[in-house]
Amino acid sequence: AQSVTQPDIHITVSEGASLELRCNYSYGATPYLFWYVQSPGQGLQLLLKYFSGDTLVQGIKGFEAEFKRSQSSFNLRKPSVHWSDAAEYFCAVGGPQAAGNKLTFGGGTRVLVKP
Amino acid sequence: DAMVIQNPRYQVTQFGKPVTLSCSQTLNHNVMYWYQQKSSQAPKLLFHYYDKDFNNEADTPDNFQSRRPNTSFCFLDIRSPGLGDAAMYLCATSSGTGFGEQYFGPGTRLTVT
């Protein structure tokens, strides 16, 4: 069965500092990996996705993520955090065998940004 | 812009009083999903439609029903809301033919009094 683990429930980072959010997945075939961001009271917005090819993918809002098959990880990074990046971040996995394009979500990481 | 729209954004209902939440999409996607999200938790899939085919998750209570009258619209019906059904309800869509990315609406916050 597929699963996603986000080990950090909360992360606090100073504005301007770098950010890295961890994501580990378990999937029996080629994974399709996603990062979503959710601001308070809002829906989820797709930040970036990985299907194949270059293992470093660029997304919106200055985010990037690196796929490491050997570590079953897909960590999200941003070099310099802005106050508006305070939100909840969800990693998700799907794949060609996922009927109906269903995704499995991690538990989320809440990011707090200090001035 | 193509998008997923949910109405209303906030809904208050009484314990046991049926309520319907609405979702529409301009993406012309084949798949529409309904998720329940409680505070500080990941979204929990309730069910999804692939075109007209309804797919219920095994642990979705019978109290939750859905209708998809056409490609653009999908409704979530809660027949007898309990206090435990207070949550954010998210609608999402997916093309069904691509790599599975889902596009979410802004959600409806349901309060049960």
When rounded to the nearest 0.5 angstrom, what is the spacing between CD in B:Gln37 and CG in A:Leu44?
6.0 Å
Residues, nucleotides or ligands: over 12 heavy atoms within 6.0 Å of B:Lys38 NZ
yes
Around atom CG of B:Asp62, are there more than 12 heavy atoms from other residues, nucleotides or ligands closer than 6.0 Å?
no
Which bit of A:Gln38 is near chain B, if near means a heavy-atom gap under 4.5 Å: side chain, backbone, both or neither?
side chain
Are B:Phe104 and B:Met32 connected, step by step, through hydrophobic side chains (Ile, Leu, Val, Met, Phe, Trp, Tyr) whose heavy atoms are closer than 4.5 Å?
no
With chain A as the partner, which of B:Ser40, B:Gly96, B:Cys91 has the greatest number of non-hydrogen pairs under 4.5 Å?
B:Gly96
Return the minimal non-hydrogen interatomic distance between A:Phe90 and B:Pro43, and the atom names on each side.
CE2-CD, 4.1 Å
Reported OH-to-OH distance for the pair A:Tyr36 and B:Tyr103, which is rounded to 0.5 angstrom
7.5 Å
Do A:Leu47 and A:Val113 sit in the same hydrophobic cluster, where Ile, Leu, Val, Met, Phe, Trp and Tyr count as joined when their side-chain heavy atoms come under 4.5 Å apart?
yes
Should B:Phe54 and B:Ile78 be regarded as members of a common hydrophobic cluster, given that ILVMFWY residues are connected when their side-chain heavy atoms come within less than 4.5 Å of each other, either directly or indirectly?
yes
Side chain to side chain contact (heavy atoms under 4.5 Å, CB included) assessment of A:Gln42 paired with B:Met88
CA-CA 9 Å; A:Gln42 300 296 318; B:Met88 175 75 91; over 6 Å; no
Take a 6.0 Å sphere around CD1 of A:Ile60 and say whether it holds more than 12 heavy atoms from other residues, nucleotides or ligands.
yes
Given the rule in the side chain to side chain contact (heavy atoms under 4.5 Å, CB included) test, do A:Lys102 and B:Glu57 qualify, once you have shown the distances and angles that lead to the verdict?
CA-CA 11 Å; A:Lys102 290 188 340 183; B:Glu57 294 300 298; 2.8 Å; yes
Closest approach of A:Gly106 to B:Ala42 (non-hydrogen atoms, all atoms of both residues)
O-CB, 3.2 Å
Joint hydrophobic cluster, A:Leu48 plus A:Phe67, side-chain heavy atoms closer than 4.5 Å:
yes
For residues B:Phe47 and B:Phe75: do they belong to one hydrophobic cluster (side chain heavy atoms under 4.5 Å, members Ile, Leu, Val, Met, Phe, Trp, Tyr)?
no
B:Pro106, B:Gly107, B:Gly105: which one forms the most heavy-atom pairs within less than 4.5 Å of chain A?
B:Pro106
For B:Tyr49, which atoms come within 4.5 Å of any heavy atom of chain A: side chain, backbone, both, or neither?
neither
Under 4.5 Å from any heavy atom of chain A, what part of B:Glu101 do you find: side chain, backbone, both or neither?
both
